[in-house]
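Numbered from 1 within each chain, the chains take letters A, B, ... in sequence-line order.
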Amino acid sequence: MIVVGISAFYHDSAAVLLRDGDIVAAAQEERFTRTKHDPEFPINALRYCLDAAGVTAEQVDCVAFYDKPFLKFERLMETYLAFAPRGFASFRMALPLWLREKLFLKDLLVRRLKGLSKSVPWDDKLVFGEHHLSHAASAFYPSPFDEAAVLTLDGVGEWATSSLAIGSGQKLAIHQELHFPHSLGLLYSAFTYYTGFKVNSGEYKLMGLAPYGEPRYAKEIRQHLIDIKDDGSFRLDLAYFDYCTGLTMTNDRFAALFGGPARKPEELLTQRHMDLAASVQEVTEEVMLKLARSAAAQTRLKNLCLAGGVALNCVANGKVLRDGAFDNIWIQPASGDAGGALGAALNAYHGFLDRPRIPSNGRDRMQGSYLGPSFAQSDIEARLAGAGAVYEVMNDDELFAEASRTLAEGCAMGWFQGRMEFGPRALGGRSILGDPRSPTMQSVLNLKVKYRESFRPFAPSVLREDVADWFELDTDSPYMLLVAGVTPSRRLAMTEEQQKLFGIEKLNVPRSQIPAVTHIDYSARIQTVHGDTNPRYHRLLTEFKRRTGCPVLVNTSFNVRGEPIVCLPEDAFRCFMGSEIEILVVGNCLLRKESQNPALRLDYKGAFAPD
Amino acid sequence: MSFLKEFWKFLRVRKKFWLAPILIIMVILGGLIVLAQGSAVAPFIYTLF
């Protein structure tokens, strides 16, 4: 049985294909169209999924969409009614959009699906799943647990903004929901907007900024913006927000409370912005911890699954894990809306079609999230040659020796191997790698390779078997969704003078043996690398450890700021030629920057709209 | 036609008949806005719309 899942028309469109419940392929549309967070119908991703599974459109049994447009329309209309006549400006913009296409989403989907095949009766195959049930399904069904509590938190779906579901075997049902406009995701997004970052993508930057600040505004947030109950449920005071009626997240009252207007994008970041980031992060963590404790008390289950955009807040996830309300936590790596496509498909398969769940045997079913396109060596060589690249083909022994040697010398390396990752994180399939021991690697990668803000931290990949030697963590974290401290014995003490430094000034002080991946508060967003899910990346780390004694590498996504992560070998070559990456490894091809035709150099700085 | 049928079913399941007359007026108002303007511009914030 072939089931396809689709998320589209909001942001991060994606397609997923299941064969008899197994996840065969999954990809985001942005990787193919090269438009970050592309919201269009994922026709390219869908074609890839069918190709990867070796099936035709005629063989698809069911197509599941990840939310219910009528319910969303109901929420919109009731919100406009509740606030009328305020909100007319927003109404005037939203209504045409809905009347033109979103209200007739089923017809729109059928029209787009006819692009795959005109003869298939797509109307009869389409099913719609609720947004938060899709998130919950994406977290529970692929998890290694037979029974689990499932928390989903995001901006908003139809009505729900957070939910608690219980999954048991094949069954999954939502038990509690918090409804719009009271939303933890939207509270976080309000601060994202207010501190000058882009809503829907800048939340990650705000989280990275938080450790530079002090939570000086947490009291104001709790006093004025959010009323948090003991069970983690909450109400927002909407007098401070604009998102129900206006076109921005916050209003003048919000600005007055926090002492000034919203920061404009690219304006200088000050200590105040860092303090605001630290404050909303603290409040978010409090809500998540209380929700997790209350879920544990209510369900008496030992396992927790998390999904929804807020579950990408790996700092909060790390605290939920350490809090110990649950023995085990599993987080869907594609926790944002892209993952909704997976949840919709799984929910259709196990729920709507009533098919049994395959026993987990203790391993999750995401296959390391390596679910995207891959390329045979001959194809890679043809594609690179077509792009004008000069490369050496090496056998594995030569390749790993040379790659680990150049990394140890401090080179920034593009690493393109096997299947592309599904979800926002690069996990060693489409990554830029560096030596974490280098005190300059963090700023070099930020400013010369990724062309992004200097404050942003980098994440470490570490051999699973060595994680406890280097970090305060001894559990699997294959998807880079848990944050933990660098182990105290690896930290470097700061002098009294260095202790007095504030904010970003502290960044230049090496704080551990792996300074490039040690954030200002000694934390790190850890990816454990496993031999069974990514043997080539595991081997590279093993070689690097043999050479240097360090089983850790800096791992950042293979793109520049504003660019979707590379998908094809040609994308990788272009990014290599447009940035200061020195070495590129694609399959068994190794490319050195100095060997390339200088006429092929590209100017990637400013080539993409800042995210 | 199938859209109207489905929408009617939706109102029945959600027990939101009271919403129907308001929706009709809002849809007419929205229709006028659509006719009055050339293209629909998506607001930039979250998936509220």
Side-chain angles (χ1 to χ4, degrees), chain A residues 9-12 39 67-81 84 88-107 123 128 131 154-158 180-181 183 185-186 189-190 192-193 198-200 242-244 246-249 309 337, chain B:
Chain A
F9 305 123
Y10 291 92
H11 54 91
D12 296 303
D67 76 11
K68 295 197 169 189
F70 284 178
L71 263 182
K72 202 171 256 188
F73 188 65
E74 173 195 302
R75 186 249 299 165
L76 257 182
M77 289 303 108
E78 287 194 28
T79 305
Y80 285 131
L81 268 180
F88 185 71
S90 163
F91 174 80
R92 211 178 59 185
M93 290 180 90
L95 250 270
L97 213 68
W98 275 85
L99 293 181
R100 281 198 171 140
E101 50 183 42
K102 289 195 175 174
L103 202 51
F104 309 99
L105 201 84
K106 191 172 177 187
D107 293 338
D123 290 59
F128 293 80
H131 189 96
D154 72 356
V156 60
E158 293 91 358
F180 182 82
S183 162
L186 290 177
S189 291
T192 304
Y193 163 77
K198 240 186 200 172
V199 171
N200 258 340
D242 197 34
Y243 58 78
C244 288
L247 300 176
T248 57
M249 294 302 294
D337 277 8
Chain B
M1 202 58 197
S2 72
F3 166 80
L4 287 177
K5 251 195 246 168
E6 276 176 22
F7 202 74
W8 179 250
K9 206 171 145 193
F10 165 76
L11 290 176
R12 237 176 43 203
V13 171
R14 296 283 298 165
K15 297 188 177 67
K16 293 267 167 132
F17 292 115
W18 60 271
L19 207 58
I22 301 160
L23 278 177
I24 291 166
I25 291 168
M26 288 181 112
V27 166
I28 291 169
L29 190 58
L32 289 173
I33 294 169
V34 172
L35 291 174
Q37 71 178 56
S39 68
V41 183
F44 73 89
I45 59 166
Y46 229 76
T47 55
L48 302 173
F49 301 93

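- A distance of 12.0 Å separates CD1 in B/Ile28 from CG in A/Leu95, rounded to the nearest 0.5 Å.
- Partners of A/Asp12 according to the salt bridge (Lys or Arg N to Asp or Glu O under 4.0 Å) rule, which considers only residues two or more places apart in sequence or in another chain, do not exist here.
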Show your working on side-chain contact (heavy atoms from CB on, under 4.5 Å) between B/Phe10 and A/Phe73 and close with a plain yes or no. CA-CA 11 Å; B/Phe10 165 76; A/Phe73 188 65; over 6 Å; no
All N/O donor-acceptor pairs, side-chain side in residues 14-26 of chain B, below 3.5 Å, sequence neighbours left out:
residue, atom, partner, partner atom, Å
B/Arg14, NE, A/Glu74, OE1, 3.0
B/Arg14, NH2, A/Glu74, OE2, 2.8
B/Lys16, NZ, A/Glu74, OE2, 2.8
B/Lys16, NZ, A/Glu78, OE2, 2.6

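- Of the atoms belonging to B/Leu11, not a single heavy atom falls under 4.5 Å from chain A.
- Between A/Phe104 and B/Phe3, the two ring planes are tilted [angle within 30° to 60°].
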